[in-house]
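Encoded as structure tokens, the structure appears first; notes follow it.
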Amino acid sequence: MEKNAVSRTNIIGGGEVGQAVSIHMKKDTVHRANSLFWDTKGNDLLGTTALPHYGAFISEEKCQLLGDITGKKVLEIGCGTGHSLQYVGERKASELWGVDLSQEQIKKAEEHLTANGLSAKLVCSPMEEECGIPQNYFDIVYSVYAIGWTTDLEATFCRIASYLKKDGKFIFSWSHPIHKCVAVENDTLLFKKSYFDESWYSVTLGDSSLTLSDRKLSTYINVLAKAGFIMEELIEESDEDMLALREDDFAKKAKMLPATFVIKARKQ
Ligand SMILES: C[S@@+](CC[C@H](N)C(=O)[O-])C[C@H]1O[C@@H](n2cnc3c(N)ncnc32)[C@H](O)[C@@H]1O
């Protein structure tokens, strides 16, 4: 444990994680820890979240944020295993691109897309860094449960703005920050952590560890504005039909507060 590290409660996915430790964020250390996590146990421990789902209880089929993708150049940030790229590829995007920190996720995406008769330009890089993706080129940039992994939100949103054509759309989902603060105990919702706490922490899951920070919703919105985006839509509501399919603690919580948020923004 780092000197001055403080052990605290954190909630990842549906459940409380015991060994969250506050850390001082060093970009290279975070990238090393998180690429190792996604190269090895990431999918086993956190699964895959892919379109048409933006998260457990929000779907593209209901929300229709992407619109008609036919002929559009599309880039996914944190493309993971390539399942979302498959979704947009099957809806006739003209070009598929993806960027991901993990070499193993890029390999899985490549294999998955090839097995489904699709191809994409896949780049292994942190999303927050220059990596040769063309500028003023894309009609749509989207991301499903990956943006929150960035070590530098402002640099990431500025890069995404630079990749988009004027009026291009940026759509992304992430865990709602209030969801990360509240746990279910004996059918009661309990606050476990301050909503305002954006400090970095490290969590051990099995024999792997990951490093994150939980940013406030206002942080995402203010940084989007700073990077030159206009907000078009913010979705927080869980879909009633999807909620009705589950009865676990995660679903109980999602009936009372948002589990996921999705933002659709436009480059000015
Ligand atoms: C929850 S997964 C997203 C899964 C993806 N939506 C899918 O359908 O497979 C998060 C992804 O973000 C990637 N990631 C983590 N930190 C990153 C960073 N700084 N830059 C780019 N990708 C990153 C991980 O390697 C992982 O593939």
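We number each residue from 1, following the sequence as shown. Keep in mind the model is a prediction, meaning the values are calculated, not measured. When a ligand or atom number is given, it counts from 1 through the structure's own listing order.
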Any nitrogen or oxygen of G82, main chain or side chain, under 3.5 Å from a nitrogen or oxygen of ligand 1?
-> no

Would you call R91 and D68 a salt bridge, using N to O less than 4.0 angstrom?
-> no

Is K216 close enough and on-axis enough to F196, meaning under 6.0 Å and within 45°, for cation-pi?
-> no

M127-ligand 1 polar pair, N/O distance under 3.5 Å = yes

Looking only at non-hydrogen atoms, the one of D100, L101, N34 nearest atom 25 (O) of ligand 1 is D100

Would you call K169 and D139 a salt bridge, taking side-chain N to carboxylate O under 4.0 Å as the test?
-> no

Run the numbers for me: atoms of ligand 1, each under 4.0 Å from some heavy atom of Y145, listed by number.
-> 1 (C), 2 (S), 3 (C), 10 (C)

Between the OH atom in Y54 and the OG atom in S143, the distance rounded to the nearest 0.5 Å is 10.5 Å

May I ask whether S125 places a heavy atom under 4.0 Å from ligand 1?
-> yes

Does an N or O from E128, backbone or side chain, lie closer than 3.5 Å to an N or O of ligand 1?
-> yes

Return the option from T156, T211, T49 holding the heavy atom at the smallest distance from atom 6 (N) of ligand 1.
-> T49

For K252, what residues pass the side-chain hydrogen bond (donor to acceptor under 3.5 Å, both in side chains) criterion, not counting sequence neighbours?
-> D187

